[in-house]
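We're numbering straight along the sequence, starting at 1. Remember, it's 1-based here, ligands and their atoms both numbered in the order they're listed.
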Amino acid sequence: MIDLQDISVSFTSKNQEVHAVREASLSIARGEIFGIVGASGAGKSTLLRTINLLERPTRGRVVLDGRDITGLKGAALRRERGRIGMIFQHFNLMHTCTAFENVAFTLEVAGRPREEIRRRVPELLNLVGLADKAAAYPAQLSGGQKQRVGIARAIANDPQVLLCDEPTSALDLETSASILELLEQINRQLGITMVLISHEMSVIKKICTRVAVMNQGGIIEQGDVHDIFARPRQAFTRQLVEHTFDLELPQRLKETAGRDGTLLKMLFLGELAEHPILSEVTRRFGMSVNILHGRIEYINHRPIGLMIALLRDPPEEGGNRTSRRGEALEFIRSSVSHLEILHA
Ligand SMILES: Nc1ncnc2c1ncn2[C@@H]1O[C@H](COP(=O)(O)OP(=O)(O)O)[C@@H](O)[C@H]1O
Ligand SMILES: [Mg+2]
């Protein structure tokens with residue numbers, strides 16, 4: 001549906017060249033919600049804006065439904081843009097217009113007849129849950145309501161694609177979740193393909209099926225969101241993911257825990273997340289397992305479990321301790337999806 005092929009975008013400002021996007025390639029399927037994640041300045045917005053050619057790539061091609069649109073101008077370009085809606089972090093509403101007028105304006109620009117506009121705008125406001133706010137001005141709306149107007153406006157002309165540039169970054173957690181739910185619902189009901197930018201993995205994982213990770217203008221990895229969470233390949237991605245899991249132990253705990261035994265971080269994928277592996281360790285090897293931190297996340301309805309635990313020798317007993325601990329570790333290693341020894 002959307003193919004970005006080897007896209008580079010450079011800007012020249014104050015005689016200095018900024019390489020905002022470097023040789024980025026993406027392929028987005030019809031009907032999916034595709035995420036782009038990365039730190040501020042990574043080039044996400046610039047890359048997103050090449051899709052409707054608000055930004056012209058310096059190199060590379062933008063292909064929509066098999067048609068190369070990179071070089072389009074004038075009426076042909078406007079026609080392509082009409083098939084692509086966009087929403088923004090700061091909503092970009094017209095402040096002197098009501099919610100109704102903000103949405104109606106898009107339809108007027110597209111040359112829709114007045115009758116149709118009068119019928120269609122209330123439908124759109126209803127779809128985004130703002131049936132009773134048609135006469136309200138942006139200043140009278142909450143952040144979440146403003147974004148709902150933004151969404152109604154963006155889908156007014158039945159676009160095939162919706163570009164979402166940090167649509168929840170200015171919103172509190174709860175409102176953010178309700179906007180993401182609305183986007184998912186629109187994706188399901190209307191089949192609109194969505195590209196969602198965020199600097200937070202926690203946003204991406206809520207509704208995206210696939211994700212591309214950007215760093216310093218380049219795409220450093222991409223794939224199924226569940227797989228990226230389960231096995232991030234790049235250190236930068238791992239940081240993003242761990243931040244979401246919030247599994248950092250306080251330094252003090254790390255040190256004291258390490259003194260008493262072996263500190264383990266375990267990853268459980270799929271049905272493994274539901275197996276009683278640790279009680280098995282206690283039973284078979286007599287080791288004690290002290291869980292310090294744990295969490296199961298469901299991503300695309302598949303579980304990922306992460307746990308930090310302290311493996312300790314049994315209380316005084318004969319026999320060879322180190323070999324027991326070694327056996328227990330081997331057993332754990334063969335039972336979990338991934339084992340990391342944080343401190344031995
Ligand atoms: N119009 C522009 N002129 C000059 N530099 C720009 C322009 N737009 C973006 N940049 C630069 O390109 C880089 C990527 O910006 P951007 O795509 O906005 O990143 P992100 O959306 O990931 O925060 C940044 O260094 C930014 O300063
Ligand atoms: Mg941006």
- Query: Would you say Gly41 and ligand 1 have an N/O pair spaced under 3.5 Å apart?
  - Reply: yes
- Query: Taking a hydrophobic cluster as the set of Ile, Leu, Val, Met, Phe, Trp and Tyr residues connected by side-chain heavy atoms closer than 4.5 Å, whether directly or through intermediates, do Val128 and Ile87 fall within one such cluster?
  - Reply: yes
- For Arg231 and Asp224, what are the C-alpha separation, side-chain angles and deciding distance, and is it a salt bridge (Lys or Arg N to Asp or Glu O under 4.0 Å)? CA-CA 11 Å; Arg231 291 183 214 85; Asp224 180 284; over 6 Å; no
- Give, for atom CG of Leu183 and atom NZ of Lys206, the distance between the pair rounded to the nearest 0.5 Å. 12.5 Å
- Message: I'd like to know if Leu180 and Phe91 are part of one continuous hydrophobic network [Ile/Leu/Val/Met/Phe/Trp/Tyr, side-chain heavy atoms within less than 4.5 Å].
- Response: yes
- Note on the structure: re atom 18 (O) of ligand 1, the protein heavy-atom contact at minimum distance is Ser45 CB, 3.9 Å
- Task: Please state whether Gly38 comes within less than 4.0 angstrom of ligand 1, counting heavy atoms only.
- Result: no
- Which pair of heavy atoms, one from Ser176 and one from Leu171, lies closest together, and at what distance? N-CB, 4.1 Å
- Message: With a 3.5 Å distance limit and no angle check, can you tell me whether Gln16 reaches the backbone of Ser13 through a side-chain donor-acceptor pair?
- Response: no
- Hey, is the main chain of Thr70 close enough, under 3.5 Å, to the side chain of Arg56 for a donor-acceptor pair? yes
- Item | atom 20 (P) of ligand 1 protein-contacted, heavy-atom criterion under 4.0 angstrom | yes
- Item | atom 16 (P) of ligand 1: the protein heavy-atom neighbour that sits closest, reported with distance to 0.1 Å | Thr46 OG1, 3.6 Å
- Message: Would you say Phe34 ends up clustered with Val37 if hydrophobic residues are merged whenever their side chains have heavy atoms under 4.5 Å apart, either directly or through other cluster members?
- Response: no
- Ranked by distance from atom 11 (C) of ligand 1, the top protein heavy atom is Val18 CG1, 4.0 Å
- Item | Close-contact set for ligand 1 against Ala42 heavy atoms, below 4.0 Å | 19 (O), 20 (P), 22 (O)
- Task: Take atom 7 (C) of ligand 1 and look for protein heavy atoms under 4.0 Å from it; say yes if you find one, no if not.
- Result: yes
- Query: How far apart are the closest heavy atoms of Ile219 and Ala212, and which atoms are they?
  - Reply: CG2-CB, 4.1 Å
- Consider every N or O of Ser13 and every N or O of ligand 1, then say whether any pair is closer than 3.5 Å. no
- Task: Report the protein N/O/S neighbours of the Mg ion (ligand 2) that fall below 2.8 Å; do not count waters.
- Result: Ser45 OG
- Task: Please report the C-alpha distance between Thr237 and Glu221 in whole Å, then the side-chain angles of each, then the deciding distance to 0.1 Å, and finally whether the side chain to side chain donor-acceptor pair (under 3.5 Å) criterion is met.
- Result: CA-CA 8 Å; Thr237 314; Glu221 82 183 280; 2.7 Å; yes
- Message: Taking distance alone, with N or O pairs closer than 3.5 Å, would you say Phe11 contacts ligand 1?
- Response: no
- Query: Do you know which two heavy atoms are closest between Leu53 and Pro57, and how far apart they sit?
  - Reply: CD2-CD, 3.9 Å
- Message: Walk me through whether Glu280 and Arg283 qualify under salt bridge (Lys or Arg N to Asp or Glu O under 4.0 Å).
- Response: CA-CA 5 Å; Glu280 186 79 6; Arg283 200 175 53 76; 3.0 Å; yes
- Query: Taking the non-hydrogen atoms of Gly217, is any one of them nearer than 4.0 angstrom to ligand 1?
  - Reply: no
- Item | Heavy-atom proximity to atom 12 (O) of ligand 1, best of Gly43, Ala39, Ser40, Ala20 | Ala20
